[in-house]
Amino acid sequence: MAATAPALSVAGVRKRFGRTSALNGVDLEVQPGQLVGLLGPNGAGKSTLTKIACGLVRPSDGAVRIAGHPAGSAAARAVTGYLAELFRFPGWASADEVLQLHQRLARSPGDDGERAELLARVGLSEARHRRVEEMSKGMQQRLGIAQALIGSPRLVLLDEPTSALDPAGRRLVRDLLVDLRGRGVAVLLNSHLLGEVEQVCDHVTIIARGTTVASGTPPDLARPGGVEIETEGGTQHFPDATREQVPDLVAQLVGAGERIYDVRVVTGTLEEAYLEAVAEPQP
Amino acid sequence: MIADVNTIAVYALREALRRKVLIVVLILTGAFLALYGWGTAETFDAVTARPDEPLVREQTVVGATLLGLAMFVTLFLGTVLAVFLTLNAVRGDAERGLLQPLVVRPMGRVSLLLGRFFAAATVCGGYVLLVYGIAVLLTGTLGDFTPDDIVGPGIALAAAVVVVVGVALLGSTVLSATANGIAVFMVFGAGLAAGLMGQIGEALNSDALEDIASIAAWVLPFEALYQQALHFLTDSTQNFERVIVTLGPFGGARDGGPLLWPWAVAYLAMVWAAAAWRFGRMDL
Ligand SMILES: Nc1ncnc2c1ncn2[C@@H]1O[C@H](COP(=O)(O)OP(=O)(O)OP(=O)(O)O)[C@@H](O)[C@H]1O
Ligand SMILES: [Mg+2]
């Protein structure tokens, strides 16, 4: 049973912090080998959902299971890697010592080799013995990503892992995510970087005001925006036309005596879909 | 579980070492012991220089008073150490984002709390025993006084500081670092005030004051343990000497009776359970 269970399943989760309602019934699933992007405006509840999944926050209602185990149980935590949105490692420890501590706590059988490999994967090989307090913010975030991958977790929860990274670092993380997917690891990625999410995620869930407002593959969400054809008389817009209809449309126009200068299939971006999905409902 | 507790304890100790908390306390301790040794030598010189017929054996009074003073300072320094080692253990570290990466590991919150507790209790307990031992040695060699019971006061003092560790750890689940540090020192001060009140009560023969003091000492059992430690110091000293020693300047020397130890253990267990309960339910 547990073998077929989703890596992460979230069903009807609600969370109230005093009077604020952070989540009002969110559903989400991440399968092994799937990379799911979680999008939403500031305060939408993304971090709260992630914290519930790793047992830092207790849901007020609903069920969260990790590989079949209830979220927050030792069994669930044993297969999860987590990078918090706001975190800090002890300033006095070196990169290597931080990873060593987490190897022990994660009961990772990996040794020196695992640490060296993870540091190399996040581009920190040179800084292996540098103390955290002597690292830049981005370096610390890289170390955080390495920490989240200690012990080969089956589910990796990353809360804005690239917020402090330079372009090369973002590229590195993208490659790393693709690599994780290749190994059958499930990844939930919180991010505000839509381009990044569009490039790597198999599935995107958008939440706003604590509820799911859109969900699907990036191409599904970024639905096509019709066809634009430039003629002598100006640009003509066919909002419902698809790429397949282009030859017929052109033939029709040419048949009607128009001269065609340019044809564009308009593709909506994930950004447009996102902005539409999270827009406040009009009263 | 044991491996996890051990890992966290080692982590906490290394943190203390690298953050130089231990170094600062050790320097303060060195300074205190040097002054104490000097003062003891001078005081005993003055006492023995007056060979006229003494009503009481002055060495006992001077020695017990001096060692009582040393024990007070030892407990104070032990408390400083306890507070520094635990003040940010839960809320403080959670607010800075240090705790979350640890808590999501399989060990769980109870192991984390146990690790922090054992680290601080071992360091503070060991520290108190060491400083007390050195003070006894100094009083015996530079002065001329050896307590009736050498081991008892040390154990009671170490137990007192372990209780403070427990209280500070519980405080850290409710208050952020600075607030917790202040709160623990205030609680510690309240215990001392209770001790002084008891003494005044005794001097004025006020039963009410003495009752309040003894209730306070039991509510804050590190105070009762401290009084017990002072009591052990002159356990078999009799009569007038005893009266004078009991009226020492740093709280009364009261025998806690047979219930003190079970109560201290139960108290620690309750404080501990409250901390674990509170931490277990916290959203981080
Ligand atoms: N510990 C807390 N106590 C009270 N309210 C909280 C707490 N944590 C989060 N909230 C509230 O819950 C809501 C969701 O917050 P959350 O951090 O999950 O948002 P987010 O989607 O991660 O936002 P961002 O993009 O800014 O990171 C917000 O309204 C926030 O104010
Ligand atoms: Mg967030």
Side-chain angles (χ1 to χ4, degrees), chain A residues 15-18 22 47-48 50-60 66 69 71-94 97-108 131-133 140 143-144 147-148 150-151 153 155 157 159, chain B residues 1-24 84-116 119 173 176-177 276-284:
Chain A
K15 177 65 190 177
R16 300 188 65 84
F17 291 106
S47 296
T48 304
T50 317
K51 286 177 179 180
I52 289 174
C54 63
L56 285 176
V57 167
R58 299 178 341 146
S60 311
I66 287 154
H69 309 289
S73 65
R77 286 193 302 241
V79 296
T80 309
Y82 169 62
L83 174 67
E85 180 178 24
L86 300 170
F87 71 94
R88 208 184 286 185
F89 292 130
W92 48 267
S94 70
E97 286 171 325
V98 168
L99 294 188
Q100 216 169 350
L101 172 68
H102 282 274
Q103 277 182 323
R104 279 200 212 104
L105 294 176
R107 290 159 199 154
S108 162
R131 285 212 304 270
V132 170
E133 64 198 1
Q140 293 186 29
L143 180 58
Q147 171 272 146
I150 286 272
L155 169 69
L157 306 165
D159 199 345
Chain B
M1 169 101 175
I2 292 172
D4 291 331
V5 171
N6 188 44
T7 303
I8 293 296
V10 169
Y11 162 78
L13 291 178
R14 284 172 68 185
E15 179 184 44
L17 275 174
R18 307 260 185 112
R19 277 173 47 209
K20 305 189 177 66
V21 172
L22 286 181
I23 309 295
V24 170
F84 272 117
L85 289 178
T86 50
L87 87 167
N88 57 349
V90 178
R91 275 279 303 262
D93 275 6
E95 279 166 14
R96 290 191 298 158
L98 277 160
L99 197 65
Q100 287 81 349
L102 301 177
V103 167
V104 298
R105 295 298 176 188
M107 64 169 164
R109 302 183 181 193
V110 168
S111 297
L112 192 132
L113 210 57
L114 272 177
R116 305 266 347 189
T173 65
S176 54
W277 182 82
R278 174 82 204 149
F279 186 24
R281 299 174 52 86
M282 235 164 136
D283 286 335
L284 294 169

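Judged purely by atom type and a 3.5 angstrom limit, A:R131 has no side-chain atom pairing as donor or acceptor with the backbone of A:A93. Side-chain atoms of A:S60 come within 3.5 Å of backbone atoms of A:R16 as a donor-acceptor pair (strictly under, hydrogens ignored).
With a threshold of 4.5 angstrom between heavy atoms, A:L86 approaches chain B through N, CA, C or O but not through any side-chain atom. Heavy atoms closer than 4.5 Å to chain B are found in the side chain of A:Y82, but not in its backbone. For A:S73, no part lies under 4.5 angstrom from a heavy atom of chain B. In this structure, chain A has a heavy atom under 4.5 Å from the side chain of B:R109, while its backbone stays farther away. At a 4.5 Å heavy-atom cutoff, B:L99 makes no contact with chain A through either its backbone or its side chain. Contacts between A:E85 and chain B at a heavy-atom distance below 4.5 Å are absent for every atom of the residue.
Using a cut-off of 4.0 Å between Lys/Arg side-chain N and Asp/Glu carboxylate O, B:D283 and A:K51 are scored as not salt-bridged. Between B:E15 and B:R116, at least one side-chain nitrogen of the basic residue sits less than 4.0 Å from a carboxylate oxygen of the acidic one, meeting the salt-bridge criterion. Between B:R18 and A:E97 a salt bridge is recorded (basic side-chain N to carboxylate O distance below 4.0 Å).
Residue with the most contacts toward chain A among B:Q100, B:M107, B:R96: B:R96 (heavy-atom pairs, distance under 4.5 Å). Each of B:L98, B:I8, B:V103 has some count of heavy-atom pairs under 4.5 Å with chain A, and the biggest count is that of B:L98. Of the residues considered (A:K15, A:H102, A:Q147), A:H102 shows the highest number of contacts with chain B, using heavy-atom pairs under 4.5 Å.
Under the 4.5 Å side-chain criterion, counting only non-hydrogen atoms from C-beta, A:V132 is in contact with A:L143.
The two atoms that bring B:P106 and A:A74 nearest to each other are O-CB, 3.8 Å, heavy atoms only.
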